[in-house]
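Heavy-atom basis, side chains included; hydrogens, waters and symmetry copies ignored. Quick note: residue numbers are just sequence positions, from 1.
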Amino acid sequence: MQYREYGKTGKKVSMLGFGGMRFGEIDNHEKCVEMMVTAAKNGVNYFDTAPGYAGTKSETVFGLGFAELRRLGLPYYCATKTFKTTEKDLRIEIEAQLKRLNIDSIDFYHVWSLKSPQDWHSRKQDNVLRTFAKLKEEGLIKHICASSHMERNDIEELLMEGVFEGILFGYSAYNYRTREAAFNAIRAKKIGAVVMNPLGGGIIPQHPELFGFLKKGNEDIVSAALAFLWDHQDITSALVGFKDLAQVNEALKAVDLYKPRTAKELQAVMGGSSASMEGLCTGCNYCKDCPQEIPIPKYMDSYNQLLLKKNGTFEEVSNRLRWHWDLDTKKAAECTACGLCEKACTQHINIIERLEKIASQKAE
């Protein structure tokens, strides 16, 4: 395992991070802990979760896993997050988190999912930074971080404020153009940078032919996609959300096989990317709470069929709806264009327009 400096914190974290969002059997504690132990035995020391992953089950699993890592003498860092902003709410939240995680202090605590400058301004008004500072002084957290889904200049301006020691943001071979500006601030402020959705929420391995430009020699697509990130020296760690032990081992293999590209080779890879890859839904499910109960993530996943293939058609969208999700196009017509889904969308997708297009197709 290779390690990189996490900004100015003095901590070195593994280039491969363990994400706790996608456990396939979250109630099977034995299997989940086995995944964490396997990763740690192979050098992974960065473990990321949140109180909204499967309710609070992911943090609970991490607590069991951390206890086992301590028993085995394996080092780890814990990263988690909060939407809370007021001091009262934050203290209630972190007390519960520390109990679930079975630890005394959180290494990397994130202001969770900043989606816009307005969102950040609203949270600052509640003095979230002052409370985070108090929690750090008291030893309940060690480093003040943020997770963000902002793009371009917005994320650069957020980081240039210099209030965060680390940032977690989405970055992969399909959307790097929209977040590239973040690295200007990461370098300037010496901020730790962890990237999530490195495999595009599963999109990249599911469509290896579309992302073949990433591969070097006989690399498999997962190794190639992760290597693309590790070749960026400003990226501290690539955070992979694991479904099962097989996926853990697959990512560990990618670390073992990793051979850095030259700057020229990396530029060639980036040049092979297509702008059409931007705007793909990664299935984060933040848009799922529709007032009309439209299963938006399933519709957006199906709409990806138009973008993932050179000649994608609405017939393929309909087939995806029918055979994968047991849906038709009718429900999409119930959209009232309230905009809540687009405000929640981490990829800034024009969801309303896509639902309109799906609804305009004849339902079978």
Side-chain angles (χ1 to χ4, degrees), residues 1-21 39-40 43-50 62 66 75-82 94 97 101 103 105-114 120 123 128-129 132-133 135-137 139-151 154-172 175-176 178-198 226-241 251 255 258 260 346:
M1 180 61 65
Q2 297 182 44
Y3 301 86
R4 291 181 178 174
E5 296 284 347
Y6 189 97
K8 297 182 289 187
T9 66
K11 290 181 169 62
K12 289 187 176 182
V13 305
S14 51
M15 289 199 320
L16 175 64
F18 190 110
M21 182 180 183
V44 173
N45 69 358
Y46 187 91
F47 292 83
D48 174 278
T49 183
F62 268 38
F66 291 153
Y76 64 86
Y77 293 121
C78 174
T80 191
K81 316 170 186 78
T82 181
I94 198 168
Q97 288 178 291
L101 291 164
I103 54 179
S105 179
I106 295 165
D107 296 293
F108 303 103
Y109 202 44
H110 295 72
V111 178
W112 191 7
S113 190
L114 293 169
W120 174 224
R123 299 200 209 186
V128 65
L129 285 175
F132 264 56
L135 296 176
K136 184 176 179 180
E137 289 173 5
L140 298 179
I141 66 175
K142 295 179 181 176
H143 303 291
I144 299 172
C145 308
S147 75
S148 172
H149 297 289
M150 296 187 205
E151 296 182 329
D154 287 343
I155 189 169
E156 181 179 7
E157 291 174 8
L158 170 72
L159 298 180
M160 285 303 291
E161 288 190 32
V163 297
F164 297 115
E165 298 170 88
I167 181 69
L168 171 65
F169 66 108
Y171 190 84
S172 72
N175 72 352
Y176 70 87
T178 66
R179 273 84 185 246
E180 199 72 19
F183 294 109
N184 296 328
I186 287 167
R187 287 188 292 270
K189 299 297 183 180
K190 296 183 179 179
I191 296 170
V194 177
V195 295
M196 56 184 162
N197 284 329
L226 291 173
F228 171 78
L229 302 175
W230 293 328
D231 284 337
H232 290 66
Q233 293 302 308
D234 297 314
I235 292 176
T236 311
S237 184
L239 185 65
V240 180
V255 176
Y258 172 63
T346 62

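- At a threshold of 4.5 Å between non-hydrogen side-chain atoms, the residues M1 and L16 count as touching.
- The shortest side-chain heavy-atom distance between V128 and W120 falls under the 4.5 Å cut-off.
- Judged purely by distance below 3.5 Å, without hydrogens or angles, the side chains of Y6 and H143 never pair a donor atom with an acceptor atom.
- Between the side chain of S237 and the backbone N or O of M15 there is at least one donor-acceptor pair closer than 3.5 Å.
- For the 3.5 Å distance criterion, the side chains of W230 and Q2 fail to qualify, holding no donor opposite an acceptor.
- At a threshold of 4.5 Å between non-hydrogen side-chain atoms, the residues Y258 and D231 count as touching.
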Quiz item: Step by step, would you call E165 with K136 a salt bridge (Lys or Arg N to Asp or Glu O under 4.0 Å)?
Solution: CA-CA 12 Å; E165 298 170 88; K136 184 176 179 180; 3.1 Å; yes
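- Here the side chain of N45 pairs a donor or acceptor atom with the backbone of K12 at under 3.5 angstrom.
- If you look at Y76 and F18, their ring centroids are not closer than 6.0 Å.
- The line from CD1 of I94 to CG of L135 is 5.0 Å long, rounded to the nearest 0.5 Å.
- L226 is listed as a side-chain neighbour of V240, based on a closest heavy-atom distance under 4.5 Å.
- Counting heavy atoms from C-beta outward, I186 and F169 have side chains that approach closer than 4.5 Å.
- The backbone N or O of L168 lies less than 3.5 Å from no partner atom in the side chain of S147, so there is not a single donor-acceptor pair.
- Residues Y109 and I144 are not in side-chain contact: their nearest non-hydrogen atoms beyond the backbone lie 4.5 Å or more apart.
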